[in-house]
Protein chains: 2
Amino acid sequence: MKKIINNVENIVPEMVSGLVRSNSDLVEEIPGTTAVVRADAKFASADQVGIVSGGGSGHEPLHAGFVGDGMLSAAVAGEVFTSPTPDQIYEAIKAVDKGKGVLLIVKNYSGDVMNFDMAKEMAEAEDIKIGTVIVDDDISVENSEFTQGKRGVAGTVLVEKILGAAARAGKSLEDLVNLGKSVINNTKTIGIALKAATVPAVGHPGFDLKDDEIEFGIGIHNERGYSVEKIQPSKQLSEELVAKIIDEFDDKTGKFAVLINGMGGTPLMEQYIFANDTFDNLKAKNIDVGYSRVGNMVTSLDMVGISLTIMKVEPQWIDWLNEPATTIAW
Amino acid sequence: MKKIINNVENIVPEMVSGLVRSNSDLVEEIPGTTAVVRADAKFASADQVGIVSGGGSGHEPLHAGFVGDGMLSAAVAGEVFTSPTPDQIYEAIKAVDKGKGVLLIVKNYSGDVMNFDMAKEMAEAEDIKIGTVIVDDDISVENSEFTQGKRGVAGTVLVEKILGAAARAGKSLEDLVNLGKSVINNTKTIGIALKAATVPAVGHPGFDLKDDEIEFGIGIHNERGYSVEKIQPSKQLSEELVAKIIDEFDDKTGKFAVLINGMGGTPLMEQYIFANDTFDNLKAKNIDVGYSRVGNMVTSLDMVGISLTIMKVEPQWIDWLNEPATTIAW
């Protein structure tokens, strides 16, 4: 394994330190944790529901890259592909509570769900109001290695953007929970991998694919998907994902948002080619794209692959997606 | 070779099409070319020197990702690792000329230098004033496979940002050329690779490295560097690059800007760890960092590696680096 790291044990604190030191106008570390909180000038006077997200590391820029005005208030980084501990999450909750409560955005992984829930109990014991939304946008498999129900993957970043903008607009905690549930119900993702990720502590790819093979339906922690197929042209890859995802929407009218997400080791060139094919394939199905985004947003270390997220959106959601957010990576 | 593409021959037009379709509020294609030009609302009334850059494809988000208010006016995409043709560059020049002249920002590669020069002659024959700056920030080798003199690499994006902000501020073409030369003289980069890039038409990595080897001083077109060494901890990798680059500056006082650039296949996690070490190593040399940035800015397809750029900056340049720019990727 060749990686640009020092000790495997120190990967997360060193990464968080590098991120904070190169963006000290935007974020700061919460002392004694690997969580970061907004450090921008507007934060002190931000009279809004706080939003905390987090999860295992290895998905950068998610989540710390999306902390800032109009998006997350704080993000908690666990070890690689491992949930952050409840006490770290609790520290982040305390750092962002302004008396209006705190919303937790949690990807649906058993460890995350459990630890965010424990942090919620700790906060509620201190009279901090907590709301939680669980993102489970991955429609490729029903249950997975580390998840009851569907996995939470790239759609998370769109959920964070919409809820972050809504919180800034003054929505209450209860409204945000309801909005979040509605957004998540309308968000569907499938990912494919050409090469699995190499977890630093493991030292080799999480599963093997032959030189001409591609795996459909992977998760962001090297979870296997629903089939292994021969590599195909981008047009066909996109066609399969578009068909499966669009099939899940009962109502195919109205506007849709699209996220083409690189998994960490895939050049932007290939993401744009896949995007071009996806626009064609959506047009052929008369799907009206009202918002789109392409890039490495929710990665899986050095995995080579891509995911497609499609969200049925209300007009207000498009406005919230388009609003500026002052973060490292949005 | 596994890549998310269709035909090797159509990679660039399909990529440009995907980029434009997912960012139609920011950029549009210049008809009959693979060049893009600003499409934002401010462009029509922008009373400034136009700025055109470009070069071979495979370095995304450079250059098209940096077209927009406060940065480039247009970007021209050649075939993979191949200069755009003079007629494409000429079309971009015509699309951005507002009567105040057009500045060409060219990375120092023989093909680019020649073709941008031909486009300049074509434009001057039509009475468009042209200024050119040649970026040659790569200090790792003196001459290279495709270059007379030093290569132009990741520092290009900082040059584009500073000159873009200065052009928006109303600087004349002559001022911009002088500013550009000064910025370039103060910009130094070295890159390292853990794995070479696979050019789609070739189908295998441009050179071989063993499982424990790393190449110092690579270019962004798979050019070899100055040495092959055993893989080392990030701290030591950074130490070598910092020492070599800082040694090139006669005056080590004042402020410096730092860019840690991912080569396309390197996770952001490793880039932030390298950044953390680089801040330490610069501090140990009493170098005052006034601006820093981390991310995939100037890539080399799927190359696994990183480059470090250090620029000695005047206070005004820091302001220009910090100013917002409305582009896809800044």
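Just so we're on the same page: letters track the sequence lines, and every chain starts at 1.
Judged by distance alone, the side chain of B:Arg293 and the main-chain N or O of B:Leu259 form no donor-acceptor pair under 3.5 Å. Side chain of A:Lys2 to main chain of B:Leu194: a donor-acceptor pair is present (N/O by atom type, distance under 3.5 Å, no hydrogens or angles). A donor-acceptor contact shorter than 3.5 Å links the side chain of B:Thr299 to the backbone of B:Glu60. Between the side chain of B:Ser57 and the main chain of B:Gly78, a donor-acceptor pair closer than 3.5 Å is present.
Looking at B:Asn296, the atoms closer than 4.5 Å to chain A (heavy atoms on both sides) all sit in the side chain, from C-beta outward. For a residue to count as touching a neighbouring chain, one of its non-hydrogen atoms must lie under 4.5 Å from one of that chain's; by this rule A:Asn7 does not touch chain B. In this structure, the portion of A:Val80 lying under 4.5 Å from any heavy atom of chain B is its side chain and not its backbone. When heavy atoms are compared at a cutoff of 4.5 Å, B:Leu301 approaches chain A by way of both its backbone and its side chain. For A:Lys210, the part lying under 4.5 angstrom from a heavy atom of chain B is the backbone only. A:Asp302 touches chain B through backbone and side chain together, each having a heavy atom under 4.5 Å away. Of the two parts of A:Ile5, the backbone and the side chain both hold a non-hydrogen atom closer than 4.5 Å to a non-hydrogen atom of chain B. Proximity to chain B (any heavy atom under 4.5 Å) is shown, for A:Ser300, by neither the backbone nor the side chain. For A:Pro324, no part lies under 4.5 angstrom from a heavy atom of chain B. Both the backbone and the side chain of A:Leu209 come within contact range of chain B, with heavy atoms under 4.5 Å apart.
Annotation: maximal heavy-atom pairing with chain A below 4.5 Å, among B:Asp211, B:Thr266, B:Val294, B:Ile328, occurs at B:Asp211. Your options are A:Gly262, A:Ser238, A:Ser292, and the one with the most heavy-atom pairs under 4.5 Å with chain B is A:Ser292. The most heavy-atom pairs under 4.5 Å with chain B, out of A:Leu268, A:Leu19, A:Val16, come from A:Leu19. Counting heavy-atom pairs closer than 4.5 Å to chain B, the top-ranked of the candidates A:Pro13, A:Gly265, A:Pro200 is A:Gly265. Ranking B:Lys195, B:Met1, B:Lys235, B:Met263 against chain A, the residue ahead of the rest is B:Lys235, based on heavy-atom pairs under 4.5 Å.
Contact check for A:Phe279 versus A:Ile260: no side-chain heavy atoms found under the 4.5 Å cut-off.
The pair A:Asp280-A:Lys285 fails the salt-bridge criterion, with no side-chain N (NZ, NE, NH1 or NH2) lying under 4.0 Å from an Asp/Glu carboxylate O.
Using bins of under 30°, 30° to 60° and over 60° for the plane-to-plane angle, the ring pair A:Phe81/A:His221 lands in the perpendicular bin.
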- prompt: Could you go step by step and tell me if B:Asp277 and A:Asn6 meet the side-chain hydrogen bond (donor to acceptor under 3.5 Å, both in side chains) rule?
  reply: CA-CA 9 Å; B:Asp277 292 321; A:Asn6 295 299; 2.8 Å; yes
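Within the model, atoms CE of B:Met15 and CE of A:Met269 stand 4.5 Å from one another, a figure rounded to the nearest 0.5 Å. To the nearest 0.5 Å, atom CG of residue B:Asp69 and atom OG1 of residue B:Thr326 are 5.0 Å apart.
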